[in-house]
Amino acid sequence: MNNYDTLNPMQRLAVETTEGPVLVLAGAGSGKTRALTHRIAYLIEECGVNPWNIMALTFTNKAAGEMRERVDNLVEFGADSIWVSTFHSTCVRILRRHIECLGYSTNFTIYDSDDQKTMMRQVLKKLDFDPKQYKERSILATISSLKDELISAEDFSARSAGDFRQSRIAEAYLEYQAQLRKNNALDFDDLIMKTVELFRVNPEVLDYYQERFRYIMVDEYQDTNTAQFRLIELLSAKYKNLCVVGDDDQSIYKFRGANIENILEFESAFPGAKVIRLEQNYRSTGNILNAANGVIKNNAGRKDKTLWTENEEGIPVVFRQYDTAYEEADAIAVDIRDRVDSGAAYSDFAVLYRTNAQSRLLEEKCVNRGIPYRLVGGVNFYQRKEIKDILSYLKTIDNGLDDLAAQRIINVPKRGIGATTIGRIMVYAEANDMSFYEACKAADRIPSLGKAAGKIRGFVTQIQSFRSKLAYYSIGDLIEDIVTETGYGEELSADDEVAAETRLENIEELKNKAVAYEESLEDGEEAPTLSGFLEEVALVADVDSMEDSENRVVLMTLHSAKGLEFPRVYLAGMEDGLFPGMMSINSDDPDELEEERRLCYVGITRAQKELILTCARQRMVNGETRFQKPSRFVGEIPPMYLHRQETPSMFSFGGVPVKPMSTGGGSGFRTFGRPAQEAFELPKKEKEPYRPWTAPAARYGKAISGDSGLKETYIGKQFSVSKATSLSYGVGDRVSHVKFGEGTVVDITEQKKDFEVTVDFDKAGRKRMYATFAKLKRC
DNA sequence: GGGCCTCAAGTTTTT
DNA sequence: CTTGAGGCCC
């Protein structure tokens with residue numbers, strides 16, 4: 001039995017208010033996860049609720065995992081049967097059971113953003129849209145926000161009548177959905193939307209889940225979008241025991257459809273809702289908290305609350321300005337180095353920044369200074385080429401309906417199957433209403449393929465053989481097999497020795513993940529399956545794999561940092577134009593700036609003991625040098641909690657107090673690009689819209705052309721091997737070609753590396769081609 | 001068929 | 001600066 005006396009009165013109230021809708025407004029570091037987990041324990045122990053009837057929803061797998069762990073520790077019996085998972089995996093779990101009534105089969109695949117892009121490219125090509133006017137990126141963004149609002153392609157199409165551009169986008173949306181369905185695939189947004197749709201069209205299914213989940217808890221509620229709101233609204237409609245926990249000040253996902261109204265209007269959406277505030281912070285020092293409060297109070301339209309703490313005041317927040325981003329990064333690295341040398345652990349530190357692009361420099365400097373780090377985000381592990389290749393194999397083996405996956409690997413490694421052949425198979429598949437892979441299986445019946453059919457057959461045989469191995473192979477072994485049997489590994493090494501090594505390591509890592517997956521289900525109720533593994537992989541973010549135990553500095557974006565805490569935090573790149581970003585500064589919508597401010601608030605409140613803000617006067621962004629002022633957010637921190645340690649500037653930047661530099665070296669007076677003069681004129685002429693001064697993009701001529709001769713020889717060698725010394729046909733001979741049929745040779749000219757052959761084809765007309773590739777046969 | 005080169009475009013933030 | 005897509009040449 002647990003002791004609930006360790007909770008403070010407000011937390012305790014949140015735990016004991018079990019019936020009806022409850023909104024817990026939980027400030028940063030106020031122990032909300034603690035309250036949530038204890039609430040689950042309380043429901044079971046004190047209220048006799050069956051664990052089976054409890055569900056907890058989070059946004060990230062990491063959060064889910066953490067909660068799961070804490071619940072397991074707290075609840076003696078039946079913790080397994082509580083559903084603790086993310087919105088997305090919850091929906092997948094439900095859809096895997098019931099999606100058939102929506103016309104998909106239950107082994108659907110989940111498309112990530114790369115897949116979406118590929119698919120949309122195909123859609124736009126098919127519809128013959130002008131790629132200048134209709135960018136797949138922006139169309140996908142539109143579709144995504146429509147889905148967040150539960151607006152289907154049909155709805156959108158109906159409401160766009162009359163607006164030309166919109167109805168074209170609607171066309172794309174319709175076609176995109178049609179393609180998804182054909183591929184038996186769902187994108188991220190579909191997972192939520194289809195589940196809501198399922199509940200709407202199928203009341204019995206809804207009723208089943210309503211009965212099952214009598215107590216629902218939602219973490220990070222401020223980040224829910226309309227679709228997610230509907231989902232929990234539907235699920236909780238019967239018993240109305242819905243407890244949401246969130247902080248409107250930490251709502252940072254508006255760009256992704258998060259609807260802040262969900263939390264601001266909770267009480268009117270769920271009449272009779274009780275509101276409980278957790279305002280005592282257990283995480284940060286007084287100074288850090290006061291700094292955070294000072295910043296966030298500049299936002300209008302928030303639920304009024306003030307965080308307080310009994311923690312000690314601590315040391316002041318520090319602000320340092322450097323001349324260049326280069327020095328900023330180095331100073332941070334040096335700073336960490338010093339502190340570790342005098343006893344701190346690497347894992348005490350996190351460096352947070354606004355954009356992923358900033359990580360490069362920081363990484364570089366960490367390497368220079370010998371600081372072990374973990375980079376979270378950036379290029380996702382699962383987006384790496386080699387990983388996607390292997391996963392595409394697994395998907396094809398598993399599903400066979402996923403055209404994108406099959407098309408990706410049909411010629412990887414090279415099997416001599418080119419775009420033309422793939423195009424023909426696609427045409428055939430389309431005409432016969434089958435999947436791409438099915439069409440491959442029927443390659444012999446596609447007349448247009450000609451000799452290519454043999455190659456396709458080889459590919460199909462390989463896949464089929466992998467399939468049959470599935471029965472007695474582990475997923476890890478299967479991956480191993482794919483790499484060796486297909487020659488994938490060989491091709492990698494042939495291409496680039498050094499790069500191949502890291503690639504193979506990554507594949508090794510994927511294997512480890514597969515093994516871990518299989519072990520995690522070893523004695524659970526469900527058996528590990530290939531589909532299960534692919535699904536898990538599709539739904540993980542990078543933060544999820546962060547190991548707490550590692551002794552490394554953590555580098556990540558402010559967004560990724562939400563929900564985490566670190567003893568010492570650096571916020572790098574505190575500059576107007578970067579953070580807050582220019583988009584938000586120039587926007588007509590004041591809420592954009594407010595969202596950035598909330599992001600800043602999130603960043604500040606990650607710190608437990610120490611917070612250091614840094615910025616650079618000069619920074620390269622998109623290949624151009626920008627001169628920037630310190631972030632306005634720095635100025636919003638009440639001076640009494642802030643210790644400014646500006647370094648002296650070679651730029652003598654207007655009006656900023658200059659103090660001697662007390663820490664962090666930097667490499668002194670390095671200069672880049674423009675002289676100081678222009679540097680300080682620009683920020684002065686602040687006109688609309690505000691834009692920091694930008695140096696003309698540095699244009700360098702051809703870099704090094706001296707090595708071309710060397711390359712030539714090398715290439716020449718390779719080609720000369722393949723060059724035929726003589727041909728089996730001559731001028732006037734009749735020849736046949738796989739594509740063009742029969743014809744007469746009119747001319748042959750020998751060139752450096754190949755023979756150029758001109759042929760008059762009976763049907764296809766006169767063509768000129770290279771002998772090596774044409775593969776003409778005498779007849 | 002495909003490698004290599006040139007040119008253009010693009011940048012928040014992510015389940 | 002870095003990635004992507006199209007064109008050219010072997």
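- Atom CD1 of Ile417(A) and atom P of dG1(B) are 11 Å apart (whole Å).
- Among the protein residues, Phe579(A) comes within range of no part of the nucleic acid, since none of its heavy atoms lies under 4.0 Å from any strand.
- Remark: Glu536(A) engages Tyr517(A) in a side-chain contact (heavy atoms from CB on, under 4.5 Å) (not counting sequence neighbours).
- A straight line from CG of Leu352(A) to C1' of dT13(B) spans 13 Å, rounded to a whole angstrom.
- With rounding to whole Å, Phe188(A) atom CZ is found 8 Å from dT15(B) atom P.
- Within the nucleic acid shown, Phe255(A) comes within 4.0 Å of at least one base atom, counting heavy atoms only.
- A straight line from NZ of Lys455(A) to C1' of dG2(B) spans 12 Å, rounded to a whole angstrom.
- Summary of the strand contacts: Glu596(A) and Thr421(A) both lie near DNA chain B, and taking for each the nucleotide with the nearest heavy atom, the more 5' one is attributed to Thr421(A).
- The side chain to side chain donor-acceptor pair (under 3.5 Å) test applied to Thr224(A) returns Asn262(A), not counting sequence neighbours.
- Residue Asn356(A) places none of its side-chain N or O atoms closer than 4.0 Å to OP1 or OP2 of dT11(B).
- In this structure Asp219(A) satisfies the side chain to side chain donor-acceptor pair (under 3.5 Å) test together with Lys32(A), sequence neighbours excluded.
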*Check the pair Ser85(A) / Thr90(A) against side-chain hydrogen bond (donor to acceptor under 3.5 Å, both in side chains), numbers first and verdict last.*
CA-CA 6 Å; Ser85(A) 57; Thr90(A) 299; 2.8 Å; yes
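- In this entry the distance linking CD1 of Ile192(A) with C1' of dT15(B) reads 8 Å, nearest Å.
- In this structure, the nucleotide among dT14(B), dG10(B), dT15(B) sitting nearest to the side chain of Lys135(A) is dG10(B).
- Listed by chain and residue number, Phe266(A) satisfy the ring pair (Phe, Tyr, Trp, His ring centres under 6.0 Å) test with Tyr221(A) (two or more places apart in sequence, or in another chain).
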All N/O pairs under 3.5 Å across the protein-nucleotides 3-5 of chain C interface:
residue : atom : partner   : partner atom : Å
dA5(C)  : OP1  : Arg121(A) : NH1          : 3.0

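- Among the nucleotides dT14(B), dT12(B), dG2(B), the one closest to the side chain of Asn411(A) is dG2(B).
- Annotation: side chain to side chain donor-acceptor pair (under 3.5 Å) contacts of Asn225(A) (sequence neighbours excluded): Asp148(A).
- Atom CD in Gln358(A) sits about 11 Å away from atom C1' in dT13(B), given to the nearest Å.
- Glu220(A) places its CD atom 15 Å from the C1' atom of dT13(B), with the value rounded to the nearest Å.
- Thr557(A) has a side-chain polar atom (N or O) that falls below the 4.0 Å cut-off from OP1 or OP2 of dT14(B).
- A ring-centre distance under 6.0 Å is not found for His559(A) and Tyr353(A).
- OP1 or OP2 of dT14(B) lies within a sub-4.0 Å distance of a side-chain N or O belonging to Ser560(A).
- Rounded to a whole Å, the NZ atom of Lys562(A) is 10 Å from the P atom of dT15(B).
- Judged by the 6.0 Å and 45° rule, Arg598(A) forms no cation-pi pair with Tyr601(A).
- The side chain of Met620(A) has dC1(C) as its nearest neighbour among dT13(B), dT15(B), dC1(C).
- Listed nucleotides dT13(B), dT11(B), dT15(B) differ in distance to Arg137(A); the shortest reach to its side chain belongs to dT11(B).
- Set against dT12(B), dT14(B), dG1(B), the side chain of His559(A) has dT14(B) as its closest nucleotide.
- To the nearest whole angstrom, the two P atoms, one in dG4(C) and one in dT13(B), are 15 Å apart.
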